[in-house]
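To start, the structure under review is shown below, and the notes come after it.
Every chain is numbered from 1, with letters handed out A, B, ... down the list of sequences. The model shown is predicted, which means the values in this text are computed figures rather than measured ones. The analysis underlying the following values was restricted to heavy atoms, covering all of them including side chains, and did not include hydrogens, waters or symmetry mates.
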2 protein chains.
Amino acid sequence: MRTTIRDVAKAAGVSIATVSKVFNGYSDINQQTKQEILKIAKELDYSPNMAARTLSSKKQQTIALILNELNFNRKSTMPLEVLNGVYRYTDQSDFEFVFYGTSTEKQKQKTFSQFCNEHNITGVVIQGLKTTDPYYQEVQQTSLPTVLIDMEIDNPKIGLVSIDNEKAAQEAVDFLIANNHRQIGMINGSRDANVSELREKGYRASLAAHGLLVNESYIQYANYEEEIAYLICKNLLENNQEITALFCASDIMAIGAIRGIKDMGLRVPEDISVIGFDDIILASYVTPELTTVAQDMERIGYEAAELLTDIITNQAETSHRKISPHQLKVRQSVEKISEVR
Amino acid sequence: MRTTIRDVAKAAGVSIATVSKVFNGYSDINQQTKQEILKIAKELDYSPNMAARTLSSKKQQTIALILNELNFNRKSTMPLEVLNGVYRYTDQSDFEFVFYGTSTEKQKQKTFSQFCNEHNITGVVIQGLKTTDPYYQEVQQTSLPTVLIDMEIDNPKIGLVSIDNEKAAQEAVDFLIANNHRQIGMINGSRDANVSELREKGYRASLAAHGLLVNESYIQYANYEEEIAYLICKNLLENNQEITALFCASDIMAIGAIRGIKDMGLRVPEDISVIGFDDIILASYVTPELTTVAQDMERIGYEAAELLTDIITNQAETSHRKISPHQLKVRQSVEKISEVR
DNA sequence: CTGAAAGCGCTTACAG
DNA sequence: CTGAAAGCGCTTACAG
């Protein structure tokens, strides 16, 4: 059987209360007693049971990272980077870290608060949520410390970490326009994703700022999937041969689009310029190297965990909103065209 | 305050024992009572607290994935894939899934059994362990159901999942020899990694099988790091100009080596052929596309979790060893040389 | 079919 | 400085 606090107490000839105090760093313990208990605990290979500790104490704090639709695509390591960031923060904190995957299906079975209650979660970082997910509504009225990544929400008590997606998208399209492109298509992700909305807003804002009209048929949705982007890109370019540049809401879609362009016998960037979003590792390895908007998901994860602990410990400044920096990486997939058509 | 079983019992006018039975699927419950309890539980947003359940029942089983030295390199998604595989299996099982990162440092602070005891772990899958890690010794004599990934160990009760690294390496080198290469260098990982040993064995076996002598200075260690491989590759080729091909124990190192070769003014594969190991996503995107040994880490993770549950439920066949298939992916980084020098 | 009670391994006022 | 006891939220023989 597993070693319990009782075994240690018995072996040390003290009460379990004393053993407990030693393991909780209480100061009012005789140094000698303490050393003796520690020694015996070591011999017995004892370590306090977290479940019991969680149950009896209201102190054991655990931070959860919930990843929605864990579509661990080998090409996109973004969820992994977020996990890494959150892990790195909690690892050096006093919080216990747990990770859970969820899905629209699971969210239907169990509410957000049920889930968190069940797992004794003190605070949670969520990534990948869609506006159509049950949790999206439930999070609005939760009292649990929560930080969303890449998601706008009304509740001011909810934390929020992301880059300024609208501005970043606008800068990307600005860059295209600075390179004399005027007929610019957009391959967007999903209408249910908050970031898609924002990136589209940025696209529209850039055009507007330059006095260009938005052609609604230029905006297509590929659900962040490479294959769909491939198909949609071909379709878009066939129907709108005047297009000279494409702004894609993710690198994965940009990669699919580039393949589509090549399959049509066109060249990137000579015939069509392409700009992506995310700066995944592949972006610098594809040919041509992809010009894209970089965001540091590892950092965002770290900052989310940090913000969350601030909220938990009530140290958060008035704003629960943290904007992480982004950066346009100019590589090879955009070409300046000489005459403005 | 959180909703507890007591709240539900009170609201339903029954005892907590009855509520508990409903949530544990006991059959000897009046259908009407059951429905009523379920309805009230839903209204109250109740869900059983796992910590309490774990503590009072010896039944709640949880499977842990422990990743060592969580060096989430953006270029190598292998730990992620393992996580994904384990997660995918446990998700459709009755086991609870938890994930933990560890490190040599952490292992020194707390023993393997302390850690597992502390977290009420029923069984564990471990990846990334080095032979010099404290856990490596401790695992040898654990009674806890355990499955190691990519690691040989004596204890027959310990599960084991990996590809046949030795054979895979041998096939890779065989392929080089079939392409008339005779002076073949090896850039290996780390002496502390079990797979490195095995891949080197395969390298030696291939040479021996073809009557070739092993030149010990041809074998170098780059610790699975791209930068080190870059440096070591240049060094190796400068000191041994007769080398025509390189077998690298990982794609990351192969990518570093290729960069080193190019920096020396040599071409891949015209001057030097390179073969990698793992088939990470980048392998098919670098130029030239990398010939490599593919292994499916997602599948390995899945199989590890499967094997673990078999061990836990005592259904494991006599052997706790599972060999996953590998496959040589022939792409562009190896060239057949005409005359055997 | 239902409930009272012991117990899981801990923590924490409280008393001494 | 130390310990007895209540309690955290559950499960599970056992009795009825």
Just to confirm, is there a sub-4.0 Å distance from OP1 or OP2 of [N] to any side-chain nitrogen or oxygen of [X]?
X: Tyr26(A); N: dT12(C); result: yes
X: Thr18(A); N: dT2(D); result: no
X: Asn30(A); N: dC1(D); result: no
X: Ser56(B); N: dG7(C); result: no

Side chains of Asp45(A) and Thr111(B): any donor to acceptor distance under 3.5 Å? yes
Do Thr90(A) and Ser93(A) get their side chains close enough for a donor-acceptor pair, meaning under 3.5 Å? no
To the nearest Å, give me how far apart [atom1] ([X]) and [atom2] ([N]) are.
X: Asp28(B); N: dT2(C); atom1: CG; atom2: C1'; answer: 9 Å
X: Asp7(A); N: dG9(C); atom1: CG; atom2: P; answer: 9 Å
X: Met50(B); N: dC8(C); atom1: CE; atom2: C1'; answer: 16 Å
X: Ile16(A); N: dA4(D); atom1: CD1; atom2: P; answer: 9 Å
X: Asn24(A); N: dG9(C); atom1: CG; atom2: P; answer: 17 Å
X: Leu55(A); N: dG9(D); atom1: CG; atom2: C1'; answer: 5 Å
X: Leu44(A); N: dG9(C); atom1: CG; atom2: P; answer: 14 Å
X: Phe23(B); N: dT11(D); atom1: CZ; atom2: C1'; answer: 14 Å

Can you list everything that forms a side chain to side chain contact (heavy atoms under 4.5 Å, CB included) with Ser324(A)? Sequence neighbours excluded, please. Ile163(A), Arg299(A), Ile300(A), Glu303(A)
With sequence neighbours excluded, what pairs up with Glu105(B) under the side chain to side chain contact (heavy atoms under 4.5 Å, CB included) test? Ser103(B), Lys108(B), Gln109(B)
Residues, nucleotides or ligands: over 12 heavy atoms within 6.0 Å of Lys10(A) NZ: no
Check this for me: Lys322(B), atom NZ, are more than 12 non-hydrogen atoms of other residues, nucleotides or ligands nearer than 6.0 Å? yes
Name each donor-acceptor pair under 3.5 Å that joins a side chain in residues 26-35 of chain A to protein atoms two or more places apart or in another chain, with its distance.
{"unit_1": "Asn30(A)", "atom_1": "OD1", "unit_2": "Gln32(A)", "atom_2": "N", "d": "2.6"}
{"unit_1": "Gln31(A)", "atom_1": "OE1", "unit_2": "Gln35(A)", "atom_2": "NE2", "d": "3.4"}

Check every atom of [options] against the side chain of [X] and return the nucleotide holding the closest atom.
X: Ile5(B); options: dT11(D), dC10(C), dT11(C); value: dT11(D)
X: Arg53(B); options: dT11(D), dC10(C), dG9(D); value: dT11(D)
X: Ser15(A); options: dC10(D), dG9(D), dG3(D); value: dG3(D)

Once side chain to side chain donor-acceptor pair (under 3.5 Å) is applied, do any residues pair with Tyr135(B), and if so which ones, sequence neighbours excluded? none
Check side chain to side chain donor-acceptor pair (under 3.5 Å) between Ser20(B) and all other residues, then give those that pass, not counting sequence neighbours. Asn24(B)
Across all chains, not counting sequence neighbours, the ring-ring contact (aromatic ring centres under 6.0 Å, His included) partners of Tyr46(B) are Phe23(B)
Applying ring-ring contact (aromatic ring centres under 6.0 Å, His included), can you list everything that pairs with Tyr100(A), at least two apart in sequence or on another chain? Phe115(A), His119(A)
Could you write out DNA chain D as dot-bracket? Rules: Watson-Crick or G-U wobble, both distances under 3.5 Å, brackets [ ] for crossings, | for pairs with another strand, dot for unpaired. |||.||||||||.|||
Checking all strands, does Asn49(B) fall into the base, sugar-phosphate, or nothing category for heavy-atom contacts under 4.0 angstrom? sugar-phosphate
Indicate, with a heavy-atom threshold strictly under 4.0 Å, whether Ser20(B) touches base, sugar-phosphate, or nothing. base
For Ala17(B) and for Ala51(B), find the nucleotide of DNA chain D with the closest heavy atom, then tell me which residue's nucleotide is more 5'. Ala51(B)
N/O-N/O pairs, protein side and nucleotides 14-16 of chain C side, under 3.5 Å:
none

Taking only heavy atoms on the protein side, list every residue of residues 31-39 of chain A lying under 4.0 Å from any atom of DNA chain D, sorted numerically. Thr33(A)
Not counting sequence neighbours, list each pair that qualifies as a salt bridge (charged side-chain N to carboxylate O under 4.0 Å, His left out) and has a residue in residues 141-160 of chain B. Glu152(B)-Arg321(B)
Among pairs that include at least one residue of residues 112-140 of chain B, which meet salt bridge (charged side-chain N to carboxylate O under 4.0 Å, His left out), considering only residues two or more places apart or in two chains? Lys110(B)-Glu118(B)
